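A, B, ... follow the sequence lines: proteins, then strands. Residue 1 opens every chain. A quick note: this is a predicted structure, and the numbers were derived from the prediction, not measured.
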Amino acid sequence: MQEDLGKTEAALVEARRTHLASLRSRGNDPFAQTRYAVDATCLDLAKQYAVLGPEEKATSEIWHIAGRVMTKRGMGKTVFADVRDRTGRLQIYARKDELGDERFLDWGSIERGDVIGVAGYIFRSKMGELTLHVTDFAVLAKALAPLPDKWSGLQDVEKRYRQRYVDLIVNDDVRDTFIARSTIVAEMRRFIDSHGFLEVETPTLLHVAGGAAARPFMSHVNALDQEMQLRIATELNLKRLIVGGMERVYEIGRIFRNEGIDTTHNPEFTMLELYAAFWDVHDMLDFNEALIAHLVSVVTGGDDKLPHGDGGSISFARPFKRIGYLEGIEQHCGYTREQLLDPAGAAAILEKLGLPKSPTHGHALDKIFEHVLEPHLNDPTFVTDYPVIISPLAKRKADDPDLVDRYELFAAQMELSNAFTELNDPDDQRARFEAQIAERAKGDDEIPEPDWDFVRALEYGMPPTAGIGIGVDRLVMLLTDKQSIRDVILFPLQRQHG
RNA sequence: GCGCCUUUAGCUCAGUCGGUAGAGCAGUAGACUUUUAAUCUAUUGGUCCCGGGUUCGAGUCCCGGAGGGCGCACCA
């Protein structure tokens, strides 16, 4: 499995192996170490000794830290190095006259990239930097592969994705982004849990992947000798739980869609879906707005403005903007509700806009919306009152049956959430599934086969319920100001080899 | 799927008009007891993404292919 190395790289690895052998020859085998008793992090020490004055020493306390050597500055009989752990960096300082000749030889075999444990006391150097004065140390893992340039880091985008571990070692901003992602998801859970929701897990392997329109990935279950599909949504199973009386449930889970890859699409991505019995779309909109505003506040440290793009920002001050789906299109280009809701009218608009023909009326509406309204949705905006023909799982508005109680939240031209009052009439649901069979027959192969057991579930009675889906990756992109979904997914899909 | 861009040392990057392959960092050897991209001296290191072609001669020009990035298309 070992790849062939270039001569230069092979020589670098060989040099590092020589240092490893040198350590071992003096009885210090880095890979024999199994535990190092760490009692402080870089951040702990930075906080605790922040008040230490210039050249002041705190010799009474010995600390043990562990981390990776990021730079090393030898000065003859002394050495400075920077050690990085999960919390930050700390400079360390070692002297030959204190460690002794033998141990100082070991220091010579420590290189950038090695993982070490060091014990010592804290002082502030002449130049004012907080530093750990080393009294003892251990090499905990030897890096045999050379790290990228200490100053420019790793820039090669392909290598950054394929060898994310190297990216994380040398690029602090990348590490910060993924720390932020974890914080965002944890805070999302905390917020949702505090409203009485239960986190659940539903199957990834399904006989019929439904709940959205997308081509599924196929798999095969040997034990059953049956083809199965990877889920494209968690919606139908979560609503089965609502029927079962769980009332408030959510799942943060991986979704798989066998479609294009670009800066906002990865074949596997993370979605939050949440359902609340006895809520309607308005309750959900309020909850959604509070959740997003909360996350913005957490990320910015209390502000409601997110930095965005080159020097720009987006305000998440509540309330967010609201606009009707049909009204919005009409405002921006004058096409009326009557034209839009008529299949021939919508087709005519497509032609006027110079867009290719759509296989279905619903598809045409989506295209018109994308071209006319979506480019204007930079500030967070709730687009409300979607047509029923593009909302097969949403409940009709009581006073306007062509529309449904649904909204989507947009910001930075990205769809962030999709929510509606759930259809709970089994007869209506059956009729819409039957209509989908017709759409599928017309050539829209992304419309899934109906899940008839879901209709049966509704026949047991689902309370009036509101549901929402939030694309977690895109939300993290927005909150961390990243332009590509690959910058917020640790291991984005890449072609094999390379 | 289509278009544009890109691929040179372990890393970051130069490479002019087609004429012997370059730098910094890293590495190696040496000097240096408060440096911080440490510094100073010396020095090793190349499948120029792959395969063809043109040419006396190709990193450079042409054709084909691969990986990657961006845009379009696709993606409720």
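For the P atoms, the distance linking B/rG59 with B/rA9 amounts to 14 Å, nearest Å.
Under the side chain to side chain donor-acceptor pair (under 3.5 Å) criterion, A/R337 pairs with A/D400, not counting sequence neighbours. A search for salt bridge (Lys or Arg N to Asp or Glu O under 4.0 Å) contacts involving A/D172 returns A/R84, A/R89, not counting sequence neighbours. Considering only residues two or more places apart in sequence or on other chains, A/D97 meets the side chain to side chain donor-acceptor pair (under 3.5 Å) condition with A/R95. For A/T234, the side chain to side chain donor-acceptor pair (under 3.5 Å) criterion is met by A/E273, not counting sequence neighbours. With sequence neighbours excluded, the residues satisfying side chain to side chain donor-acceptor pair (under 3.5 Å) with A/W63 are A/Y49.
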Show me the protein contacts with nucleotides 30-33 of chain B, counting only N or O atoms at under 3.5 Å.
from, atom 1, to, atom 2, distance (Å)
B/rC32, N3, A/G76, N, 3.0
B/rC32, N4, A/G76, N, 3.3
B/rU33, O2, A/R95, NH1, 2.9
B/rU33, O2, A/R95, NH2, 2.4
B/rU33, N3, A/R95, NH2, 3.1
B/rU33, N3, A/D97, OD2, 3.4

Protein and nucleotides 8-11 of chain B: nitrogen or oxygen contacts under 3.5 angstrom:
from, atom 1, to, atom 2, distance (Å)
B/rG10, OP1, A/T8, OG1, 3.3
B/rG10, OP1, A/E9, N, 3.1
B/rC11, OP1, A/K159, NZ, 2.4
B/rC11, O2', A/D149, N, 3.0
B/rC11, O2', A/G153, O, 3.0

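In this structure, the CD atom of A/Q496 is 11 Å from the P atom of B/rG67, given to the nearest Å. The CZ atom of A/R215 sits 16 Å away from the P atom of B/rA73 (whole-angstrom rounding).
Screening residues 361-371 of chain A for salt bridge (charged side-chain N to carboxylate O under 4.0 Å, His left out), with sequence neighbours left out, gives A/K367-A/E370. The side-chain hydrogen bond (donor to acceptor under 3.5 Å, both in side chains) contacts involving residues 10-19 of chain A comprise A/H19-A/S109, where partners must be two or more places apart or lie in separate chains. Residue pairs meeting the salt bridge (charged side-chain N to carboxylate O under 4.0 Å, His left out) criterion with at least one partner in residues 115-137 of chain A, sequence neighbours excluded, are A/R103-A/D136.
When distances are taken from the side chain of A/K150 to each of B/rA38, B/rU28, B/rU35, the shortest belongs to B/rA38. Closest contact between the side chain of A/S125 and the listed nucleotides B/rG69, B/rU35, B/rA76 involves B/rU35.
In RNA chain B, consecutive stretches of 3 or more Watson-Crick or G-U wobble pairs with both distances under 3.5 Å are given as paired ranges: B:1-7 with B:66-72, B:10-13 with B:22-25, B:27-31 with B:39-43, B:49-53 with B:61-65.
Less than 4.0 Å separates RNA chain B from at least one heavy atom of each of the following residues of residues 79-92 of chain A: A/F80, A/Q91.
Between A/R160 and A/D487 a salt bridge is recorded (basic side-chain N to carboxylate O distance below 4.0 Å).
Proximity of A/H19 to the phosphate of B/rU28: a side-chain N or O atom is located under 4.0 Å from OP1 or OP2.
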